[in-house]
Protein chains: 2
Amino acid sequence: MAQKKVHCDCLETIKPVRDTLDVINGKWKIPIIISIGVGNDRFTDIQESIPGISPKVLAKELKDLEQHQLLRRIIIEEYPVKISYQLEEYADTLTPLIYALKDWGINHRKKVTESFS
Amino acid sequence: MAQKKVHCDCLETIKPVRDTLDVINGKWKIPIIISIGVGNDRFTDIQESIPGISPKVLAKELKDLEQHQLLRRIIIEEYPVKISYQLEEYADTLTPLIYALKDWGINHRKKVTESFS
DNA sequence: TATAGTAGTTACCTAAAGGAAAGTGAAATT
DNA sequence: AATTTCACTTTCCTTTAGGTAACTACTATA
């Protein structure tokens, strides 16, 4: 009695989703992980593999990803000194998510182009 | 000859991923879809089911999602008039992505809390 | 008559994201 | 000696996201 109809609870799903979104937010983090994942390990190569990214943004995102323990910045003590970016093993846990993002994007583009035919 | 070593190509993955990110960007769109998906169909119920969302942001995101054909705003001609938000069938295609986001978030929280024990 | 609920809108503001362009310092190359 | 490469940094600026608070028009309820 005095029973109010309330909203359905979905926090068990929303909370972890938001935790994920907090880590991979923005346009650039997942693309950077993909680029390093296929073998780009130098700053300039990563930059050239991602259309539209500026060095400022790339530097900032690389720092964020390092702090989240998704990649490592490695200084190679040769002459001249080189910098190599490598994914941490933990970044592999993102693989299912990356495929889900990719698959949905492929399907979505199909849908959008079909609606113009 | 004159062959320069170039970056590895990963555009086939990055492009669709960015298409997806363009649709589901921000903190709120996926949580809103989850909330409606579990049965919240009224503005106020959706708002109360998502901690921290303001009516302004909710109204704006609902319009965006309607434009992307992920949900529908339905006017129920009773007295008083009611508004119901319903997911389009197309929103079901987001399910694997939502599970990927949820699972990674759960695992990530486990990792973060473990590192403090 | 007063209060509460529904579905928002409006105005104002801050912070973060991101783009453009140039610069930097060290080393290598021509 | 001049240019190029690498890995950024710096400055300046605009856009977008999002937060806060108040307000609206309508209806229902006490």
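Residue numbers start from 1 in every chain, and the chains themselves are labelled A, B, ... in the order their sequence lines are given, proteins ahead of strands. The structure presented is a predicted model; accordingly, all values stated were derived computationally and were not measured.
- Side-chain heavy-atom separations under 4.5 angstrom define the hydrophobic clusters, and the remaining members of the one that includes B/Ile74 are B/Ile76.
- Look at CD on A/Gln47: it is 12 Å from P on C/dA20, rounded to the nearest Å.
- Between A/Ile83 atom CD1 and D/dT5 atom P the separation is 19 Å, expressed in whole Å.
- More than 12 non-hydrogen atoms from other residues, nucleotides or ligands lie less than 6.0 angstrom from CD of A/Glu78.
- The CG-P distance, from B/Asp45 to C/dG5, rounds to 13 Å in whole Å.
- Taking atom OH of residue A/Tyr85 and atom P of nucleotide D/dC6, one finds them 14 Å apart after rounding to whole Å.
- Within residues 67-76 of chain A, the residues approaching DNA chain D are A/Arg73, by heavy-atom distance under 4.0 Å.
- Counting to the nearest Å, the C1' atom of C/dA7 and the NZ atom of B/Lys82 are 13 Å from each other.
- The two atoms that bring B/Cys10 and A/Ser35 nearest to each other are SG-CA, 3.7 Å, heavy atoms only.
- Using a cut-off of 4.0 Å between Lys/Arg side-chain N and Asp/Glu carboxylate O, B/Asp64 and B/Lys60 are scored as salt-bridged.
- For the ring pair (Phe, Tyr, Trp, His ring centres under 6.0 Å) test, no residue two or more places apart in sequence or in another chain qualifies with A/Tyr99.
- Counting heavy-atom neighbours within 6.0 Å of B/Glu88 CD, excluding the residue itself, gives a total above 12.
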Practice problem: Check the pair B/Asp19, B/Val23 against side chain to side chain contact (heavy atoms under 4.5 Å, CB included), reporting the backbone distance first and the verdict last. | Solution: CA-CA 7 Å; B/Asp19 287 344; B/Val23 175; over 6 Å; no
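- The side chain of B/Arg42 contributes no N or O atom lying less than 4.0 Å from OP1 or OP2 of C/dT6.
- Classification of the A/Phe43-A/Tyr85 ring pair by plane angle, with boundaries at 30° and 60°, yields tilted.
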Pairwise N/O distances under 3.5 Å, protein to nucleotides 18-24 of chain D:
residue, atom, partner, partner atom, Å
D/dG18, OP1, B/Lys27, N, 3.0
D/dG19, OP1, B/Lys27, NZ, 2.9
D/dG19, O6, B/Lys56, NZ, 2.2

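- Residue A/Ile32 contributes atom CD1, which lies 12 Å from atom P of D/dC8 at whole-angstrom precision.
- Separating the CG atom of B/Asp22 from the C1' atom of D/dA17 is a distance of 15 Å, rounded to the nearest angstrom.
- Shown here for B/Val6 and A/Asp45, the closest heavy-atom pair between the two residues is C-OD1, 4.4 Å.
- One atom, CG of B/Leu21, and another, C1' of D/dA17, lie 16 Å apart when rounded to the nearest Å.
- Other residues, nucleotides and ligands contribute more than 12 heavy atoms inside 6.0 Å of the CD atom of A/Glu66.
- Contacts of A/Lys63 classified as side-chain contact (heavy atoms from CB on, under 4.5 Å), with partners at least two apart in sequence or in another chain: none.
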Please list, for nucleotides 24-28 of chain C, all pairs of protein and nucleotide N/O atoms separated by less than 3.5 Å.
none

